[in-house]
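Keep in mind that the numbers below use all heavy atoms, side chains included, and drop hydrogens, waters and symmetry copies. Chain naming here is simple, since letters A, B, ... match the order of the sequence lines and numbering starts at 1 in each.
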Amino acid sequence: MSAITVPVPKEFSFDEALTFLKRSPRELLHRVENETVSKAIRVGNTTAAFTVTFEKNKLHVRLLTDGLTPGQQYEVVAYIREWFDLDTDLKPFYALADKDKLLKDLVKQHYGYRIVGQPDLYESLTWAMLGQQINVAFAYTLKQHFVENFGATLQHGDQKYFLFPEPATVAVLTTDQLLPLQFSRQKATYAVTIAEAFANGNVSKESLQGLPLQEAKERLIKIKGVGNWTANYALMKTFRYPDAFPLEDAGLYNVVKKYKKLDRKPTADEMKKVFKKYKGWEAYATLYLWKSA
DNA sequence: CGCCAGGTTAGAG
DNA sequence: CTCTAACATGGC
């Protein structure tokens, strides 16, 4: 079995990443067992399963699928680098956070916590949409049903790996096929609309790559069902624009409410004021603030 | 049972 | 541009 080592930055915590990945027992797109993450992804025209562990200060990637070309192996490693957010230099953020009352303790407690991402923009956008206006636990239930019903699977040994559904698969669904999965009519419609946008090529990760945040956001918001919150969330998880963050997020409102000892929901202006301090690092500030919620 | 949850849209004022 | 109702369902 081939193994590949991947160096990580000093400010990286595999444990924090694992904690995040273990968030829901309903997650089908990866497994965490004995400090080992396993997952399958599509690379080119094939599917690759792999495991990731952390030993001697490095990630160790083991490919479970035989016969991958060097190019495909490279793609797997590139995916993992993106997934674990290994290419962001957190030093400037930590310098800023160390001087901030709200963040100071959080960044100490969770030192090395990064944005566990979703390198697939379609997955990211759909996942964000599923999470609109419901609690996270139920969002995972919806995702579980969605993946079980429409995602491809890969059997490796006694392990079954699920892949996120493809846009082309979802684009041709009727809302009636999604209602039994506990989707609301609205979410069912949104799911199909988002899939159509990707399936017909109107939106793709490649076409947004490198765009300024505002432009990327505008393109995503053209899709019905994708508002400011959803677009920011997806851009945060896929491209890690450091200043992409869901300002309207209920969790963030609650953190600020608590911090300012308010007896009501903070206003949008009050939220903006708090986040002004984190200019350029709003996404990471959000990540750590969610930890306190 | 009631309130709220990782919101968005369409329509009115 | 801002405000509001409707959507809609589970978790706690």
Going by the rule side chain to side chain contact (heavy atoms under 4.5 Å, CB included), which residues pair with A:S38 if we only count those two or more places apart in sequence or in a different chain?
A:R31, A:T51, A:Y161
Under a 3.5 Å cutoff, is there a donor and acceptor pairing between the side chains of A:Y284 and A:D85?
yes
Any donor and acceptor pair, going by atom type alone, linking the side chain of A:Q144 with main-chain N or O of A:L142 inside 3.5 Å?
no
Protein-nucleotide distance (A:L142, atom CG; B:dA5, atom P), rounded to Å:
17 Å
Could I get the full list of ring pair (Phe, Tyr, Trp, His ring centres under 6.0 Å) partners for A:Y94, not counting sequence neighbours?
A:Y111
Restricting to side chain to side chain contact (heavy atoms under 4.5 Å, CB included), what partner residues turn up for A:Q186, sequence neighbours left out?
A:S184, A:Y190
Rounded to whole Å, how long is the line connecting atom NZ of A:K265 with atom P of B:dC3?
16 Å
Rounded to the nearest angstrom, tell me the gap between atom CG in A:L179 and atom C1' in C:dG10.
16 Å
Gap between atoms CD1 and P, on A:I134 and B:dG7 respectively (whole Å):
9 Å
Residue set satisfying ring pair (Phe, Tyr, Trp, His ring centres under 6.0 Å) with A:Y241, at least two apart, ordered chain then number -> A:F239
Over how many whole Å does the gap from A:K143 atom NZ to C:dG10 atom C1' extend?
18 Å
Say we look at C:dG11 and B:dT8: how far apart would their P atoms be, to the nearest angstrom?
22 Å
Can you find a side-chain donor-acceptor pair between A:T141 and A:R26 that sits under 3.5 Å?
yes
Holding to side chain to side chain contact (heavy atoms under 4.5 Å, CB included), I want the full list of residues that pass it with A:V255, two or more places apart in sequence or in another chain.
A:L102, A:L289, A:S292, A:A293
Nucleotide B:dA5, atom C1' - distance to CD of A:Q132 in whole Å:
12 Å
Test your reading of the model: is there a side-chain donor-acceptor pair from A:K39 to the backbone of A:L29, 3.5 Å cut-off?
yes
Using residues 163-174 of chain A as the side-chain source, report each donor-acceptor pair under 3.5 Å to any protein atom, sequence neighbours left out, with the distance given to one decimal.
unit_1 : atom_1 : unit_2 : atom_2 : d
A:E166 : OE2    : A:R42  : NE     : 2.9
A:E166 : OE2    : A:R42  : NH2    : 3.0
A:T174 : OG1    : A:Q177 : OE1    : 3.4

At under 4.0 Å between heavy atoms, how does the protein contact nucleotides 1-6 of chain C? Give one character per nucleotide, 5' to 3', with B, S or -.
------
Considering only the P atoms, how many Å lie between C:dT4 and B:dG6, rounded to the nearest integer?
24 Å
Could you work out, with ring pair (Phe, Tyr, Trp, His ring centres under 6.0 Å) as the rule, every residue matching A:H110, not counting sequence neighbours?
none
Distance check, P atoms only: C:dG10 and B:dT9, in whole angstrom units.
23 Å
Expressed as a whole number of angstroms, how long is the span from A:M129:CE to B:dT8:P?
11 Å
Strand-adjacent residues in residues 273-293 of chain A, judged by heavy atoms under 4.0 Å from DNA chain B:
none
Rounding to a whole Å, what distance do you find between A:Q133:CD and B:dC4:C1'?
8 Å
Are A:Y113 and A:F14 near enough that their ring centres are under 6.0 Å apart?
no
Pairing donors with acceptors under 3.5 angstrom, does anything connect the side chains of A:R114 and A:S13?
no
Which one, B:dG6, C:dA8, C:dT9, comes nearest to the side chain of A:F138?
C:dT9
DNA chain B contacts made by residues 249-264 of chain A, counting heavy atoms under 4.0 Å
A:D249, A:A250, A:N254
Mind checking side chain to side chain donor-acceptor pair (under 3.5 Å) for A:K143 and listing every partner two or more places apart, or none if nothing turns up?
A:E27
Output the residues of residues 219-242 of chain A in contact with DNA chain B, where contact means a heavy atom of the residue under 4.0 Å from an atom of the strand; sort by number or write none.
A:I223, A:K224, A:G225, A:V226, A:G227, A:N228, A:W229, A:T230, A:Y233
Side-chain donor/acceptor contact of A:R26 with base of C:dG11 under 3.5 Å:
no
